[in-house]
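Just so it is clear, the structure is predicted and the values come from calculations on it, not from any experiment.
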Amino acid sequence: MSAVNITNVSILDNPAAFLNPFQFEISYECLVPLKDDLEWKLIYVGSAEDETYDQQLESVLVGPVNVGNYRFVLQADPPDPSKIREEDIIGVTVLLLTCSYIGQEFIRVGYYVNNDYEDEQLKEEPPQKVLIDKVQRNILADKPRVTKFPINFQPENESTEQPASTLEHPSENNEQEQAPPPPSPSLDTKSE
């Protein structure tokens, strides 16, 4: 059983311009007091084929954490478009929200992100060079993929290895949706 459970994640300002900051309101509960900090990270997957294009947008430490319910807003700058290949800016990618304790990741929440022009004319006739200030991102907030990893929250005790468990949220049928991403920051979820 995990010592920390995410009870809710609300994505604020969604959909938004590609260059707007990300804002996640995260609610979680802590079931046992933790001496060390929780590390929350937000990672943007820049390419399905090459994890070197992944960008860590934010990393914050929260703690020490006592038993109780908590809520905070994680704000992160948008990804740097100059570090993403032109052909990977428009289309579907993934955003990962992770939480770790003493260097051990115990939960990962993956969201599909669709980047496209808001203007119909630009959608139908995309310019040769991406006009980043005209790109809108839409995080599919109601269809996250949650993966939990068992870790030892009491490092002075012996660790027991168990396989990761994956929880999928029910979703409506959507012809454009693909299979959920695997629990790795380098994902094969590219839309053509």
Side-chain angles (χ1 to χ4, degrees), residues 1-14 21-80 83-84 93-113 137 139-169 179-189:
M1 175 187 256
S2 181
V4 177
N5 294 313
I6 294 178
T7 55
N8 190 48
V9 178
S10 297
I11 302 172
L12 312 176
D13 191 26
N14 184 52
F22 288 97
Q23 296 180 65
F24 287 77
E25 184 179 79
I26 302 166
S27 301
Y28 65 97
E29 63 180 355
C30 186
L31 305 175
V32 297
L34 301 175
K35 296 176 191 168
D36 289 294
D37 295 339
L38 295 173
E39 182 179 21
W40 297 87
K41 291 182 186 177
L42 191 62
I43 300 163
Y44 183 87
V45 177
S47 170
E49 293 88 30
D50 188 348
E51 67 183 51
T52 60
Y53 291 99
D54 293 357
Q55 295 181 46
Q56 181 175 303
L57 305 179
E58 188 59 84
S59 175
V60 296
L61 298 174
V62 178
V65 184
N66 292 312
V67 174
N69 293 311
Y70 297 88
R71 182 174 56 203
F72 72 101
V73 174
L74 174 65
Q75 183 165 318
D77 288 334
D80 181 346
K83 296 180 179 176
I84 304 170
T93 190
V94 174
L95 194 62
L96 299 171
L97 174 67
T98 69
C99 191
S100 302
Y101 183 66
I102 315 176
Q104 306 169 87
E105 181 181 332
F106 64 90
I107 193 158
R108 180 179 297 181
V109 184
Y111 295 94
Y112 282 117
V113 181
R137 70 164 185 256
I139 302 168
L140 302 182
D142 58 338
K143 298 176 171 63
R145 165 89 178 238
V146 179
T147 306
K148 294 182 177 184
F149 305 95
I151 68 164
N152 185 1
F153 281 94
Q154 306 299 328
E156 59 274 2
N157 301 338
E158 246 183 77
S159 174
T160 57
E161 291 296 319
Q162 298 175 11
S165 68
T166 300
L167 304 174
E168 291 192 47
H169 292 264
S184 164
S186 178
L187 301 169
D188 278 343
T189 56

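A pairwise comparison of heavy atoms in Glu58 and Gln75 identifies OE1-O, 3.3 Å as the closest pair. Nearest heavy atoms, Gly110 versus Leu96: CA-CD2, 3.8 Å. Between Pro78 and Phe22 the shortest heavy-atom distance is CA-CE1, 3.9 Å. Annotation for Gly63 and Asp37: closest pair C-OD1, 3.0 Å, computed over non-hydrogen atoms. Nearest heavy-atom pair, Asp13 versus Arg137, reported as atom, atom and distance to 0.1 Å: O-NH2, 4.4 Å. In this structure, Gln154 and Pro33 approach most closely via the heavy-atom pair NE2-O, 4.3 Å.
With Gln55 contributing its side chain and Asp80 its backbone, the two residues share a donor-acceptor pair below 3.5 Å. Side chain of Tyr70 to main chain of Asn66: a donor-acceptor pair is present (N/O by atom type, distance under 3.5 Å, no hydrogens or angles). Formation of a donor-acceptor pair under 3.5 Å by the Asn14 side chain with backbone atoms of Ile139 is found in this model. Checking side-chain atoms of Gln56 against main-chain N and O of Lys41 turns up no donor-acceptor pair under 3.5 Å. Side-chain atoms of Ser27 never come within 3.5 Å of backbone atoms of Thr7 as a donor-acceptor pair (strictly under, hydrogens ignored).
Between the CG atom in Asn5 and the CG atom in Leu31 there is a gap of 5.5 Å [rounded to 0.5 Å]. One finds the CG atom of Asn69 at 12.0 Å from the CG atom of Asn8 (value rounded to the nearest 0.5 Å). Taking CG of Asp77 as the start and OH of Tyr44 as the end, the distance is 14.0 Å to the nearest 0.5 Å. From Asp142, atom CG reaches atom CD1 of Ile11 across 9.0 Å, with rounding to the nearest 0.5 Å. For the atom pair Phe106 CZ and Ile151 CD1, the distance stands at 6.0 Å (nearest 0.5 Å). To the nearest 0.5 angstrom, Leu95 atom CG is 4.5 Å from Leu42 atom CG.
Looking only at side-chain heavy atoms (C-beta outward), Ile6 and Val146 stay at 4.5 Å or farther from each other. With a 4.5 Å cut-off on side-chain heavy atoms, Ser2 and Phe153 count as touching. Looking only at side-chain heavy atoms (C-beta outward), Val9 and Pro144 stay at 4.5 Å or farther from each other. Side-chain contact check for Leu38 versus Tyr101: some heavy-atom pair is nearer than 4.5 Å. Side-chain contact between Lys35 and Pro64 is absent, with no heavy-atom pair separated by less than 4.5 Å.
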Quiz item: Would Val94 and Tyr111 satisfy side chain to side chain contact (heavy atoms under 4.5 Å, CB included), going step by step from the backbone distance to the final call?
Solution: CA-CA 6 Å; Val94 174; Tyr111 295 94; over 6 Å; no
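Taking the six-membered ring where the residue is Trp, Tyr28 and Phe72 present perpendicular rings, their angle passing 60° and hence far from 30°.
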